[in-house]
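Have a look at the structure below before the remarks.
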Protein chains: 2
Amino acid sequence: MMAEDKMKLENQICFSLYATTREMTKLYRPLLADLDITYPQYLVLLALWDSSPLSVKELGGRLYLDSGTLTPMLKRMEKVGLIERYRSREDERKVLIGLTKEGRDAEHKAACIPDLLLENIDMNEDEILQLQHTLQRMLEGAREKGEGL
Amino acid sequence: MMAEDKMKLENQICFSLYATTREMTKLYRPLLADLDITYPQYLVLLALWDSSPLSVKELGGRLYLDSGTLTPMLKRMEKVGLIERYRSREDERKVLIGLTKEGRDAEHKAACIPDLLLENIDMNEDEILQLQHTLQRMLEGAREKGEGL
DNA sequence: GTTATTTTAATTGTGCACAATTAAATAGTA
DNA sequence: TACTATTTAATTGTGCACAATTAAAATAAC
């Protein structure tokens with residue numbers, strides 16, 4: 001590729017990531033409207049449905065988010081009754097995030113979302129698995145490079 | 001894939017996109033520190049270095065952003081002297097975004113950024129082109145599905 | 001056993017991102 | 001021509017996202 005082409009928006013892999021992520025997130029909106037949650041909140045629930053309670057730190061580790069993002073978001077989710085926040089007994093520094101009954105019940109309502117979303121993607125399973133694999137390698141690489149900053 | 005696995009964070013393609021995008025964006029931060037701009041502002045400059053002036057609408061079309069995001073961002077960029085904003089003579093609805101001398105000069109300083117960033121990615125050229133192609137197909141698909149909402 | 005260090009969340013401040021609304025300019029139409 | 005519809009930015013309000021700082025609790029060092 002010629003040097004000046006590398007400066008073109010359409011040739012930049014990170015711009016494709018950036019734009020695609022946002023457009024895909026928009027596709028979630030109507031699917032999440034029923035639950036009245038945002039996409040990042042949906043990710044929190046996915047993490048908790050898999051394993052709960054989780055400390056803010058553990059949750060952040062899974063979602064690649066820090067307390068500056070999570071704390072206010074979790075407070076909003078607590079306010080609408082999806083989760084509960086409480087200090088750990090063994091380690092008072094930790095705030096544990098658990099699911100309420102409403103939060104647990106939401107899993108059933110959300111069960112169809114992954115399939116509904118995939119219907120919007122014109123890609124076969126191999127292609128998706130390939131993409132998934134590439135992205136995870138990229139993510140790990142970026143996380144390693146980034147932690148030294 | 002089993003049904004419950006689809007609910008796992010690590011199997012969701014959109015979560016990989018979401019997390020990878022943010023981690024990659026963090027890698028840009030030190031590269032953009034010299035220019036004192038953010039990643040979205042860098043994207044605006046890339047668009048303008050390719051072609052300027054552009055209306056807010058055209059810029060939004062290239063970056064997949066609307067005026068709600070662009071207007072305040074462009075005002076910040078105008079304030080620090082990278083761009084200029086002015087109404088089009090032919091169509092007073094349009095606000096044109098042009099580069100100042102400082103904005104044009106920044107292109108030279110930024111010329112090394114694409115290569116510096118690629119050094120952080122442990123992927124060969126084929127792999128990157130393949131990823132780029134897949135993402136662009138996904139982006140177009142999502143944009144089409146999304147515009148009917 | 002006190003002191004220093006580390007870990008954990010919360011807080012503060014800035015900057016996107018986007019839905020919904022508003023207002024002005026233009027284009028289209030009877 | 002007047003009247004409607006469309007296009008374009010700006011505005012308003014909410015919710016991430018993240019760097020940097022702060023404060024409390026736990027651990028390590030001595």
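Every chain is numbered from 1 and lettered A, B, ... according to where its sequence line falls, protein lines coming before strand lines.
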| message | My understanding is that only residues two or more places apart in sequence, or in another chain, count here; which of them pass salt bridge (charged side-chain N to carboxylate O under 4.0 Å, His left out) with A/E140? | response | A/R143
| Can you find a pair of side-chain heavy atoms, one from A/M7 and one from B/D50, that are under 4.5 Å apart? | no
| message | Within this structure, what is the OG-CD1 distance for the pair A/S52 and A/I83, rounded to the nearest 0.5 Å? | response | 10.5 Å
| request: With rounding to the nearest 0.5 Å, note down the distance linking CD in B/E78 to CD in B/E84. | output: 8.5 Å
| task | Tell me, please, which residues at least two apart from B/K101 pass salt bridge (charged side-chain N to carboxylate O under 4.0 Å, His left out). | result | B/D105
| Nearest 0.5 Å, what's the CG-OG distance between A/L99 and A/S51? | 9.5 Å
Identify every side-chain donor-acceptor pair in residues 106-115 of chain B under 3.5 Å, counting partners at least two apart or on other chains, and give the distances.
| unit_1 | atom_1 | unit_2 | atom_2 | d |
| --- | --- | --- | --- | --- |
| B/D115 | OD1 | A/K6 | NZ | 2.5 |

| request: Tell me which residues in residues 10-25 of chain B put a heavy atom below 4.0 Å from DNA chain C, sorted by number, or none. | output: none
| query | What is the distance from atom CG of B/L17 to atom OG1 of A/T25, rounded to the nearest 0.5 Å? | reply | 8.0 Å
For residues 34-45 of chain B, run the donor-acceptor check on the side chains, cut-off 3.5 Å, and write out each pair with its distance to 0.1 Å, sequence neighbours left out.
| unit_1 | atom_1 | unit_2 | atom_2 | d |
| --- | --- | --- | --- | --- |
| B/T38 | OG1 | B/Q41 | N | 3.3 |
| B/Y39 | OH | A/F15 | N | 3.3 |

| task | Pull out every residue in residues 78-96 of chain A that has a heavy atom closer than 4.0 Å to any atom of DNA chain D, ordered by number, or say none. | result | A/E90, A/D91, A/E92, A/R93
| message | Which heavy atom of B/R93 sits nearest to which heavy atom of B/R87, and what is that distance? | response | O-NH1, 3.0 Å
| Can you give the first and last nucleotides of DNA chain C, 5' to 3', that have an atom under 4.0 Å from a heavy atom of chain B? | C/dG15 to C/dT26
| said: Can you pull out the residues from residues 36-61 of chain B that lie within a 4.0 Å heavy-atom distance of DNA chain C? | reply: B/T38, B/P40, B/Q41
| request: Hey, could you give me each pair passing salt bridge (charged side-chain N to carboxylate O under 4.0 Å, His left out) that has a residue in residues 11-25 of chain A? Not counting sequence neighbours. | output: A/E23-A/K26
Only pairs under 3.5 Å count here: list side-chain donor-acceptor contacts from residues 61-69 of chain A, not counting sequence neighbours, and write none if there are none.
| unit_1 | atom_1 | unit_2 | atom_2 | d |
| --- | --- | --- | --- | --- |
| A/D66 | OD1 | A/G68 | N | 3.1 |
| A/D66 | OD1 | A/T69 | N | 3.2 |

| field | Shortest non-hydrogen contact from A/E58 toward A/P53 | value | OE1-O, 4.5 Å
| request: Answer yes or no: are there more than 12 heavy-atom neighbours, outside A/D122 itself, under 6.0 Å from its atom CG? | output: no
| request: Treating a pair as Watson-Crick (purine N1 to pyrimidine N3 plus N6-O4 or O6-N4) or G-U wobble (N1-O2 and O6-N3) with both distances under 3.5 Å, list the stems of 3 or more consecutive pairs that involve DNA chain C. | output: C:1-30 with D:1-30
| task | For A/L65, report the nucleic acid contact type (base, sugar-phosphate, nothing); a contact means any heavy atom under 4.0 Å. | result | sugar-phosphate
| field | Side-chain cluster (under 4.5 Å, hydrophobic types only) that B/L96 belongs to, other residues | value | B/Y86
